[in-house]
Amino acid sequence: MADKYKIPNYFRQKYQLIATVTFTAFFSLVFMLVSIPFSHNVWFELGPSKAFMFTAAFFVIGLLVIIFSKRLMYSTRMNDMSYLQYVLWDIAEVLVICLLYTLFSRKGDSMGIIHLENNSFIRIFMNAIVYCFISLIFPYIIAGMYFAIIDKNNTIRLMNYANVVSDEPILPKDEQKITLFDNSGVLKLSLRLSSLYYIESDDNYIMVWYTDSKGELKKYMLRCRLKTVEESFKGSSLVRCHRKYIVNMDKVKVLRKEKDGYEIDLDNDLIPPIAITKTYAENVLGLLKRPEN
């Protein structure tokens, strides 16, 4: 599947799913509390009553359905999921919860716990769709827009100092600065490009491998996405070669063709060989073949 059809990386992060579920639960609870006095097509009720127990039980079960669904999404389909598949998955969540609401309504009505003017399956189910669309789809959209804005801001913040307008003389290539910000936009690390070897992804964090002023190999970890680094330093010698790695091509000493693909050695014996996956092989090889200016 082409990358342009896949959902962005920030939708695939565990913290994003946790935040979305938390916000959706809060939004749904507030919407339910606000709408109870004005709603004539739902049986939600507050106060010491059997109907309130039904209300609380349904809310908890609905929340568990969402948590299970997001957990299943994260562990199975997230890496290859398209926009359409993501939307259909969310719609399926809504339909399952609407079905649960309908079953709760029919069961509670037959037990005399709740009373509905029209207890037909279709009528209850259609009313539930309207309610769930507001209480679930709206917070999904709001959360998606929020994380899209955060991701865009992080990409803007994470920039090369060489691209900043300044009256200082332009530094030579090996003196270019790499500045790294965390997900909150806080500057965490600034170093010369000539000191950086590679950047490694570790779930929601990245590990930056570089040499200090004494020439010793060091590691610095910060909360940031590898995709943000890739987009921010496009056009520099930092190149994505693997789902987990960005390497400084100026540090490449050897490129080898192995049985399962290409590998590169950097000019530091303490760094193990780094694989080049098929997805990124064309870009890496094209850069190596490019003639020097």
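Here the structure is a predicted model, which is why all the values come from computation and not from measurement.
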Under 3.5 Å donor-acceptor, [X] side chain and [Y] backbone:
X      : Y      : value
Thr102 : Cys98  : yes
Lys251 : Ser195 : no
Asp265 : Val254 : no

Sequence-distant partners of Phe138, ring-ring contact (aromatic ring centres under 6.0 Å, His included), two or more places apart | Phe133

Which residues share a ring-ring contact (aromatic ring centres under 6.0 Å, His included) with Tyr146, sequence neighbours left out |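 Once residues adjacent in sequence are excluded, Tyr146 has no partner under the ring-ring contact (aromatic ring centres under 6.0 Å, His included) criterion.
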
Taking atom [atom1] of [X] as the centre, does the number of heavy atoms from other residues, nucleotides or ligands within less than 6.0 Å exceed 12?
X      : atom1 : answer
Arg71  : CZ    : no
Lys278 : NZ    : no
Glu258 : CD    : yes
Asp269 : CG    : no
Lys234 : NZ    : no
Met126 : CE    : no

Are [X] and [Y] grouped together when hydrophobic residues (ILVMFWY) are joined by side-chain heavy atoms under 4.5 angstrom apart?
X     : Y      : answer
Leu29 : Ile142 : yes
Ile97 : Ile122 : no
Ile61 : Ile67  : yes
Leu95 : Ile66  : no
Ile91 : Ile141 : no

Leu189 and Ile178: side chain to side chain contact (heavy atoms under 4.5 Å, CB included), yes or no, with the steps?
-> CA-CA 8 Å; Leu189 179 66; Ile178 296 296; over 6 Å; no

Does the ring of Tyr140 carry Lys70 above it, NZ/CZ under 6.0 angstrom from centre and within 45° of its axis?
->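 Yes; both conditions hold, so Lys70 lies above the ring face of Tyr140.
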
Close side-chain approach of [X] to [Y], heavy-atom, < 4.5 Å:
X      : Y      : answer
Leu255 : Leu285 : yes
Phe233 : Leu193 : no
Arg256 : Pro273 : yes
Ser28  : Leu136 : yes
Glu230 : Ile246 : yes
Leu266 : Val252 : yes
Met73  : Tyr86  : yes
Leu72  : Trp89  : yes

Before giving the answer on side chain to side chain contact (heavy atoms under 4.5 Å, CB included), spell out for Leu180 and Cys224 the whole-Å C-alpha distance, their side-chain angles and the decisive distance to 0.1 Å.
-> CA-CA 9 Å; Leu180 298 172; Cys224 180; over 6 Å; no

Gap between atom [atom2] of [Y] and atom [atom1] of [X] - 0.5 Å precision:
X      : Y      : atom1 : atom2 : result
Asp250 : Ser236 : CG    : OG    : 9.0 Å
Leu238 : Leu196 : CG    : CG    : 6.0 Å
Ile271 : Leu217 : CD1   : CG    : 5.0 Å
Asp90  : Ser69  : CG    : OG    : 7.5 Å
Tyr262 : Thr277 : OH    : OG1   : 13.0 Å

May I ask you to decide if the ring planes of Phe58 and Tyr101 are parallel, tilted or perpendicular, using 30° and 60° as cut-offs?
->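 It falls in the perpendicular class, over 60°.
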
Please state whether the rings of Phe27 and Phe23 are parallel, tilted or perpendicular, taking 30° and 60° as the class boundaries.
->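 Tilted.
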
Of all heavy-atom pairs between [X] and [Y], which one has the smallest distance, and what is that distance?
X      : Y      : value
Arg240 : His242 : NE-O, 2.8 Å
Trp209 : Met207 : CD1-O, 3.6 Å
Phe59  : Ala25  : CZ-O, 3.7 Å
Ser201 : Leu226 : CB-CD2, 3.8 Å
Ile276 : Ala281 : CG2-CA, 3.6 Å
Leu270 : Pro272 : O-CD, 3.6 Å

Taking side chain to side chain donor-acceptor pair (under 3.5 Å) as the test, write out the residues that go with Tyr220, two or more places apart.
-> none

Checking side chain to side chain contact (heavy atoms under 4.5 Å, CB included) for the pair Ile274/Tyr198: CA distance, chi angles, key distance, verdict?
-> CA-CA 10 Å; Ile274 297 176; Tyr198 70 103; 3.9 Å; yes

